[in-house]
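Heads up: the structure comes next, in structure tokens.
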Amino acid sequence: MNEALTSSIKKILVTNLFVELPEDQIGLDDGLQSVIGLDSVGFLELRVICEDQFKIRISDEDFNADSFRTVNQLASLISNLQTAQGVAK
């Protein structure tokens, strides 16, 4: 997985969504809801921030529990959308 992408997602969680864990303590496979503690509003904010920062559009179909379960899964979704939408990484 792209280390810069996963690092950016962790930074978003801490800086923009005020997750109480430091970036270096957020595991790539930690549950964003179960371990990190995001609620439904946090997931909506994460979607919007990711769309803006990574220059992608996340469809309602892609905005699901599987794609947003962990940092790794979200990074995979973003990477796939960047490729499909022709966004430079």
**OP:** Can you measure from CG (L32) to CD1 (I9) and round to the nearest 0.5 angstrom?
**Re:** 8.5 Å
Original post:
Under 4.5 Å between side-chain heavy atoms, hopping through other hydrophobics if needed: is there a path connecting L81 to V87?
Top reply: yes
Subject >> Over 12 non-hydrogen atoms of neighbours within 6.0 angstrom of CD in E51 >> reply: yes
Subject >> Gap separating the CG atom of N16 from the SG atom of C50, nearest 0.5 angstrom >> reply: 9.5 Å
Original post:
Would you say the side chain of L44 lies within less than 4.5 Å of the side chain of F63, judging by non-hydrogen atoms?
Top reply: yes
Original post:
Would you call K10 and L28 a side-chain contact if the rule is heavy atoms closer than 4.5 Å?
Top reply: yes
**OP:** Check whether any side-chain heavy atom of F43 sits under 4.5 Å from a side-chain heavy atom of Q33, and report yes or no.
**Re:** yes
**OP:** Just do the side chain to side chain contact (heavy atoms under 4.5 Å, CB included) check on L77 and F68 with the steps written out, would you?
**Re:** CA-CA 8 Å; L77 171 67; F68 278 74; 3.8 Å; yes
Original post:
Is there a donor-acceptor contact under 3.5 Å from the side chain of S8 to the main chain of A4?
Top reply: yes
Subject >> R47/D60 salt bridge by N-O under 4.0 Å criterion >> reply: yes
Subject >> Gap separating the CD1 atom of I49 from the CD1 atom of I12, nearest 0.5 angstrom >> reply: 6.5 Å
Subject >> Backbone N/O of I58 and side chain of D62: donor-acceptor pair under 3.5 Å >> reply: no
Original post:
Could you give the distance from CG (L13) to CD (E45), rounded to the nearest 0.5 Å?
Top reply: 11.5 Å
Original post:
With no hydrogens and no angle check, is any side-chain donor or acceptor of E23 less than 3.5 Å from a backbone partner on V14?
Top reply: no
**OP:** May I ask you to test the Q82-F54 pair for a side-chain heavy-atom distance under 4.5 Å?
**Re:** yes
Original post:
So, the side chain of T15 versus the backbone of K11: is there a donor-acceptor pair under 3.5 Å, distance only?
Top reply: yes
Subject >> 4.5 Å side-chain heavy-atom contact, S79 and L5 >> reply: yes
Subject >> Close side-chain approach of S67 to L74, heavy-atom, < 4.5 Å >> reply: no
Subject >> Result of checking V71, T70, I26 against I36 for side chain to side chain contact (heavy atoms under 4.5 Å, CB included) >> reply: I26
Subject >> Donor-acceptor pair, side chain of Q85 and main chain of R57, under 3.5 angstrom >> reply: yes
Original post:
Taking all atoms of both residues into account, what is the closest heavy-atom pair of G42 and L17, and its distance?
Top reply: O-CD1, 3.9 Å
